[in-house]
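Atoms within a ligand are numbered from 1 in the order they appear, just like the ligands themselves.
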Amino acid sequence: MDIILASGSPRRRELLERAQLEFSTLSVDVDETKHDDESPTDYIERMVATKAEAAIQQLASRLKTDKSCFSDSLIILTSDTIGVLADGQTVLVKPVDREHAYSMWQQMSDNVHEVWTAVQATYVSLSSKVANSSTHEPVFQIINQQRITERTEVTFIALTAEMMSNYWESGEPADKAGGYGIQGLGAIWVSRINGSYTNVVGLPLPQTLALIKNVTDISVK
Ligand SMILES: Cc1cn([C@H]2C[C@H](O)[C@@H](COP(=O)(O)OP(=O)(O)OP(=O)(O)O)O2)c(=O)[nH]c1=O
């Protein structure tokens, strides 16, 4: 059974490496724009499903040229991390620019927010029994998929304009939900967390390992 982490996030790769599992990575590029009428739950669940679909499409086109690189079944892991303010509705995503980062940080300053990470495990088999009817090529068939969402409460200290400016200039905030990295310089803004630390960094590890185990256990379904 192969495991593919369909993520371009170096943080997710580093976290999964700690579990000492064999896995490969695949970078997926999807439109991460949130719909206006979408709840945080709907948004994050749509993201992990969309990333999984994109990964399967990429793998399917790779299959056309090289079948030898696939085993008979694989698990595709996709993940998405957002911040959610105490109102339960306002979503904190990656900052598009400095102003966007400042406006998120002003709402997070001296306040509590939550970090939500959704993880989807998609268990697929490479089946020649359901081969494409015209070409008789094997295709990927989804056997099972499961999803979890983990939430961690994070408390920020009161932020000054100088702190925000210095942090933005560091370059660290740009590719991170809520514009901070708890594993980096952002740690000095975090006075307290309640819940999983790895969840904040982008992949709740014990929960992800349980998901990998559960998704292949289709006998109980
Ligand atoms: C809050 C927080 C987020 N993050 C990161 C985790 C995610 O990589 C990123 C949120 O963006 P995501 O869209 O979840 O992930 P990504 O675009 O980096 O990677 P991919 O979609 O290819 O899997 O923010 C941290 O690294 N530290 C933190 O403290």
Nearest 0.5 Å, what's the CG-CD distance between Asn199 and Gln207?
7.0 Å

I'd like to check whether Val28 has a polar contact with ligand 1, where a contact means an N/O of the residue lying under 3.5 Å from an N/O of the ligand.
no

Tell me the nearest of Arg13, Lys176, Arg12, Arg11 to atom 12 (P) of ligand 1, using heavy-atom distances.
Arg12

Could you identify the single nearest non-hydrogen protein atom to atom 24 (O) of ligand 1 and state the distance to 0.1 Å?
Ala177 N, 3.0 Å

The closest protein heavy-atom partner of atom 3 (C) of ligand 1 is Val200 O, 3.5 Å

For atom 13 (O) of ligand 1, the protein heavy atom that lies nearest, with its residue and separation
Glu32 OE1, 2.8 Å

Thinking salt bridges, do Glu53 and Arg46 make one under a 4.0 Å N-O criterion?
no

Check each heavy atom of Asp175 against ligand 1 and say whether those closer than 4.0 Å belong to the side chain, the backbone, both or neither.
backbone

Could you say whether the N/O atoms of Ala6 and ligand 1 ever approach to under 3.5 Å?
no

For the pair Lys51 (side chain) and Ser79 (backbone), establish whether a donor and an acceptor sit closer than 3.5 Å, ignoring hydrogens and angles.
yes

Using a plain distance cutoff, I'd like to know if Gln183 has any nitrogen or oxygen under 3.5 Å from a nitrogen or oxygen of ligand 1.
yes

Pull out every atom of ligand 1 sitting under 4.0 Å from any heavy atom of Ile182, numbered as shown with elements.
27 (N), 28 (C), 29 (O)

Shared hydrophobic cluster for Tyr180 and Val93 (ILVMFWY, side-chain gaps under 4.5 Å)
no

What's the shortest distance from atom 22 (O) of ligand 1 to any protein heavy atom, and which residue and atom give it?
Gly8 N, 2.7 Å

Gap separating the OG1 atom of Thr81 from the NZ atom of Lys94, nearest 0.5 angstrom:
9.5 Å

If hydrophobic clusters are built from ILVMFWY residues whose side chains come within less than 4.5 Å, do Leu211 and Ile44 share one?
no

Arg13/Glu17 salt bridge by N-O under 4.0 Å criterion:
yes

Could you tell me whether Val115 and ligand 1 have an N or O pair separated by under 3.5 Å?
no

Interatomic distance, OG@Ser109 vs CE@Met163, rounded to 0.5 Å, equals 8.0 Å

